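Only a predicted model underlies this, so the values are computations on that prediction, with no experimental measurement involved. Along the sequence shown, residues carry numbers from 1.
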Amino acid sequence: MNVPITVFSEDQAEAFDRVAELLASAGVDIEESMTLPRAEGGQGALAVIGKAGSGKTMLLARLAEALNEAGVETISGDYEGRRRKDTRTLAILAPTNKAASVLRTRGVAATTIHRILYTPLYDPEYEKIAEWLLGNGEKPEVEGLTQAALDRAFAFFQTNKSVPGALAAAGLKGSDFILGWKRREDPLDIGFVDEASMLDKRQFEDLQEIFPTLLLFGDPAQLAPVNQSGAMVFESLPAPRKLTLSRVHRQDLDNPILDLAHALADESLTFDRFERMIEEAAARDDRVRVAARVEAGMMARSPVLVWRNATRIRLIHAFRAAFEAPGDALLPGEPLICDGIELPLKHRKKRLDLEARGLIKGAQVIYLGPGRRAGFSRLHVIGATEPQVSAASIVKIEVPGEEEPFIPFAANMGAAFLHGAAVTIHKAQGSQWPEVQVFAPDLYAASRAGRMEAGLPLWKRLAYVAITRAEERLYWVTRYRLGRPEEPLSTRDLDAPVAPFSLTTENPD
């Protein structure tokens, strides 16, 4: 077996062995790298839980690698070809595009839950090209496409492994080769779900219908979905179905951000003492900084994390003022958060189009500029495999003290957006950024409120989630002040090829 179990900690190795037993009983032997045809039924759900730094992602990646070595086919959500009846399949899922992109940067072929719940219907003519690119057929002859166009598609696919991207290189749009979308009817096989603390009961039930064998990877110290009363779906599993990892990894022992996160487990820790710990960490390590103000420039790509909506709105207003944004328009480079799709039932196909490209509720987006029609926007979807889209948009900018948001422009229907320069800690869950600003006055207010969630002080859960969003550096902001940006907003950091297809509520923009 090629998977280096020796790099695992003791609890990781034990969890790996337990999962290997589960998979073996489902007909996939990762020890001997062999598979059997899938039988009826499966092995149900198993949870691997642990706090930040406990090695959940490493374990997930090693298990995925072992399954691939055993011949299990990974379903990426990019394109699904025709599978042999005896093919075993694996899908690695995350609740959001941002969370999926965190896994992809670590070499794990992850996609969103939504993208697996719905499957595209392909035009049979262009499906021949996709099968050829995947090595399942001969080079086709397609009316309207030259051999040079097919060669461009092939060259693109060799580098990027994206079927839609390759078809775009041949001069096709998504509306050419995708006829529509439908709810997945045929079950898959094995599912891995990262950031499982974000799953609600309905999503869990949907996944159980599709995957006979389901592994959940989650952090019990994070915040549960709002509608779950502080409970996470994996907590309902029986004890033998829960594997717990502890933090014992050498690479994490010298990480001051994780040290602070794990210190929150101390029941006697007060907010004041925690702030002193942050100050002490900042004095000896540059990866933790105590800041007297929020930096507006950083908010353009990494939202400041807050607890209260009122704080979020005030900081967004201050951000726009600092960049001298006009009251009736957006500046290219402003961050947005998708607040859902506002379409009537008869436009279900368009809704699925938008959601499949990453415009699901909570998606982080950068505004690139207006589209060619009134109410249309060119957008960069953070974490999406093909991030640039054009969509009919309804943009809402909340104003301090006003009940109704200001709407600088809006299509009659389409994707709705809120401003994203500041977000609540709850909505930030599942995302990570290299540098993160945490607005400490809000956490102090939570500590003063004395609220509890699932047996823990709410401020500790909020602090834990907020500081573990930082990959490289944590800024602990202590005052209601905003530092002006050093340069104007820009989209230079988002330069990328035009998207293979535009997703709109009308014809492509």
Side-chain angles (χ1 to χ4, degrees), residues 1-51 53-76 83-84 86-94 103 106-111 116 187-197 199 204 207-208 210-220 233-252:
M1 182 177 174
N2 297 325
V3 177
I5 296 180
T6 53
V7 304
F8 286 159
S9 63
E10 184 177 345
D11 57 352
Q12 278 183 311
E14 181 180 351
F16 187 97
D17 291 343
R18 288 279 306 280
V19 174
E21 292 174 6
L22 176 86
L23 295 172
S25 63
V28 179
D29 190 336
I30 59 176
E31 297 289 345
E32 299 296 332
S33 292
M34 60 180 292
T35 63
L36 297 173
R38 181 162 67 90
E40 290 298 321
Q43 296 306 307
L46 180 74
V48 179
I49 58 178
K51 293 184 179 180
S54 60
K56 297 185 298 298
T57 301
M58 177 193 289
L59 181 61
L60 184 155
R62 294 298 189 192
L63 287 166
E65 180 184 347
L67 285 166
N68 288 334
E69 289 179 357
V72 177
E73 177 186 345
T74 299
I75 305 299
S76 69
R83 295 192 300 273
R84 298 188 309 273
D86 60 347
T87 300
R88 305 303 301 270
T89 58
L90 165 70
I92 303 167
L93 313 174
L103 288 175
R106 299 175 184 179
V108 179
T111 188
I116 289 297
L188 290 173
D189 198 344
I190 301 165
F192 288 179
V193 183
D194 197 28
E195 297 291 348
S197 59
L199 285 180
F204 184 41
L207 291 171
Q208 287 178 303
I210 292 175
F211 296 100
T213 302
L214 188 64
L215 268 70
L216 308 178
F217 295 80
D219 186 338
V233 293
F234 50 73
E235 293 175 347
S236 64
L237 297 177
R241 287 274 164 172
K242 291 184 282 191
L243 308 177
T244 302
L245 303 179
S246 58
R247 175 177 175 252
V248 294
H249 304 292
R250 186 177 298 109
Q251 65 267 32
D252 294 331

For a quick test of reading the model, state the closest non-hydrogen atom pair linking [X] to [Y] and the distance between them.
X	Y	answer
T89	V72	C-CG1, 3.5 Å
V233	A196	CG2-O, 4.1 Å
S33	E69	CB-O, 3.9 Å
A70	T35	O-CG2, 3.2 Å
F16	A66	CZ-CB, 4.4 Å
R106	T57	NH1-CG2, 3.3 Å

Side chain to side chain, [X] and [Y], heavy atoms closer than 4.5 Å:
X	Y	value
L22	R241	yes
D194	L93	no
F192	L103	no

Just verifying a value: how many Å separate [X] [atom1] and [Y] [atom2], rounded to the nearest 0.5 Å?
X	Y	atom1	atom2	value
E10	L245	CD	CG	12.0 Å
L243	R18	CG	CZ	4.5 Å
I75	T87	CD1	OG1	9.0 Å
I30	R62	CD1	CZ	12.5 Å
L90	T213	CG	OG1	11.0 Å
E235	S197	CD	OG	9.5 Å

For F217, does its backbone N or O pair with a side-chain atom of K56 as donor and acceptor, under 3.5 Å?
->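 Not at all, since once roles are kept as given, no pair shorter than 3.5 Å links the two residues.
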Output yes when a side-chain donor or acceptor of D189 lies under 3.5 Å from a complementary backbone atom of R88, and no otherwise.
->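 Flag not set: sc D189 to bb R88 has no pair under 3.5 Å.
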side-chain contact (heavy atoms from CB on, under 4.5 Å) partner of F234, chosen from V48, L216, L199 = L216
May I ask you to check whether T74 and N68 show a side-chain donor-acceptor distance below 3.5 Å?
->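 Short answer, yes.
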